Amino acid sequence: LPDSGHKYYLQFSTEDYRTGEDAGSCLATVLYPKKKSPPVVSIKCSHTKDKKEIQEENNRIYQRIRHQTKPITGNNIPDSYGNIEPALEPVWALAVAGSSSIMWEKSTETLGYFLAQVKAVKQWMRTDDFIEFDYTVLLHEMPTQEIISCHMRLTWLPGHPLKVKHFCAPESHGLDEGSGAESGSAAGASAERGANF
């Protein structure tokens with residue numbers, strides 16, 4: 001589009017990140033504006049799982065995390081052989097969801113990202129029903145093959161949007177600004193508590 005930028009029409013299928021099962025198909029349009037700003041996306045998907053099934057799965061993950069008696073911590077998820085300890089699978093699931101918002105923000109028409117590894121994770125114990133984690137995630141940048149390290153604060157309660165605040169510090173590019181105070185940012189006491197964030 002001469003005055004606006006490049007517009008793409010996509011048809012693609014999705015799969016469950018854990019099982020590899022078909023999760024539905026989508027039709028989308030993506031406009032990359034000429035000026036440097038996030039892409040404008042319109043998307044419609046048909047899902048193979050119904051909403052109740054998705055809510056039940058979310059609740060199972062949530063309950064596994066909430067019933068821990070001490071904060072969950074972990075390093076190198078998955079390990080160098082690609083394995084994830086069963087106890088850390090819910091933590092990995094949240095990392096996949098949370099890092100997708102970072103990848104969305106950082107991706108451009110010529111750069112894309114994949115979650116390579118959770119380098120470190122630590123749970124914050126809260127007095128309310130939300131669960132909260134600090135992550136250090138490694139993103140694989142394509143096509144440059146660089147590994148980008150990002151710090152991510154994630155807050156979640158089933159039935160509420162996942163809240164993600166982050167900053168990324170690629171070694172060769174200096175410090176990236178990270179996220180602002182948009183809907184994807186953690187709010188209130190959780191942001192204040194992490195003074196080193």
Side-chain angles (χ1 to χ4, degrees), residues 1-18 20 22-47 76-78 80 82 84 91-121 132-156 160-187 190-191 194 196-197:
L1 305 172
D3 297 328
S4 307
H6 292 155
K7 191 170 191 177
Y8 296 85
Y9 297 87
L10 307 165
Q11 181 176 359
F12 57 95
S13 59
T14 60
E15 63 179 37
D16 187 298
Y17 80 95
R18 289 180 305 114
D22 176 36
S25 59
C26 301
L27 294 170
T29 59
V30 181
L31 170 65
Y32 286 98
K34 280 187 170 180
K35 61 183 194 295
K36 192 175 178 179
S37 60
V40 179
V41 176
S42 172
I43 188 165
K44 288 185 180 167
C45 296
S46 63
H47 301 287
N76 302 321
I77 309 165
S80 54
I84 299 173
V91 174
W92 172 254
L94 286 173
V96 169
S99 63
S100 68
S101 71
I102 301 173
M103 293 184 275
W104 169 262
E105 191 173 301
K106 291 182 70 60
S107 292
T108 67
E109 195 169 5
T110 56
L111 283 180
Y113 298 87
F114 297 94
L115 175 60
Q117 188 179 50
V118 171
K119 200 68 187 155
V121 60
E132 185 171 351
F133 288 93
D134 269 339
Y135 286 92
T136 300
V137 294
L138 301 180
L139 303 182
H140 188 187
E141 186 178 84
M142 300 296 282
T144 67
Q145 301 297 323
E146 282 191 54
I147 297 295
I148 311 294
S149 178
C150 298
H151 184 98
M152 175 172 72
R153 173 73 57 88
L154 182 147
T155 310
W156 179 59
H160 294 75
L162 193 66
K163 293 182 181 179
V164 177
K165 186 174 182 179
H166 75 276
F167 68 80
C168 298
E171 290 178 23
S172 62
H173 300 197
L175 189 65
D176 203 19
E177 285 183 25
S179 64
E182 297 174 15
S183 62
S185 296
S190 62
N196 64 346
F197 190 83

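Nothing here was measured: the structure is a model prediction, and the numbers come from that model. Position 1 is the first residue of the sequence, and the numbers go up from there.
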- The reported gap from CZ in R153 to NZ in K163 (rounded to nearest 0.5 angstrom) is 13.0 Å
- Sequence neighbours left out, what passes side-chain hydrogen bond (donor to acceptor under 3.5 Å, both in side chains) with D22? Give chain and number order. none
- Item | G112 to S107 - nearest heavy-atom pair and separation | CA-OG, 4.0 Å
- Would you please name every residue forming a side-chain contact (heavy atoms from CB on, under 4.5 Å) with V96, sequence neighbours left out? Y17, W92, L115
- NE2 on H166 to OH on Y135, rounded to 0.5 Å: 15.5 Å
- Message: Tell me every residue that passes side-chain contact (heavy atoms from CB on, under 4.5 Å) with A97, counting only those two or more places apart in sequence or in another chain.
- Response: L162
- Could you tell me whether the side chain of Y113 and the main chain of I102 form a donor-acceptor pair under 3.5 Å? no
- Give the C-alpha distance, both sets of side-chain angles, the deciding distance and a yes or no for side chain to side chain contact (heavy atoms under 4.5 Å, CB included) between F12 and I43. CA-CA 11 Å; F12 57 95; I43 188 165; 3.8 Å; yes
- Any chance OH of Y8 has more than 12 other-residue heavy atoms, nucleotides or ligands included, within less than 6.0 Å? yes
- With sequence neighbours left out, write down each residue that passes side-chain hydrogen bond (donor to acceptor under 3.5 Å, both in side chains) with T29, or none if nothing qualifies. none
- Using side-chain hydrogen bond (donor to acceptor under 3.5 Å, both in side chains) as the criterion, list what pairs up with H140, not counting sequence neighbours. Q145
- Quick one: pull up OG in S4 and NZ in K35 and give me the separation to the nearest 0.5 Å. 9.0 Å
- Query: Which pair of heavy atoms, one from Q117 and one from P78, lies closest together, and at what distance?
  - Reply: NE2-O, 2.8 Å
- Separation of K44 NZ from C26 SG (nearest 0.5 Å): 12.0 Å
- Residues in side-chain contact (heavy atoms from CB on, under 4.5 Å) contact with T108, at least two apart in sequence or another chain: T110, L111
- Item | Within-4.5 Å side-chain heavy-atom neighbours: S149 and K119 | no
- Item | Side-chain donor-acceptor contact under 3.5 Å, S25 with S13 | no
- Task: For this output row, return yes or no: ring centroids of H6 and Y32 closer than 6.0 angstrom.
- Result: no
- Query: Of all residues at least two apart in sequence or in a different chain, which pass the side-chain hydrogen bond (donor to acceptor under 3.5 Å, both in side chains) check with T144?
  - Reply: E141
- Task: Output all residues satisfying side-chain contact (heavy atoms from CB on, under 4.5 Å) with H47, sequence neighbours left out; order by chain, then residue number.
- Result: C45
- Item | 4.5 Å side-chain heavy-atom contact, L1 and L31 | yes
- Item | Residue pair W104 / P39: nearest heavy atoms and the distance that separates them | CZ2-O, 4.1 Å
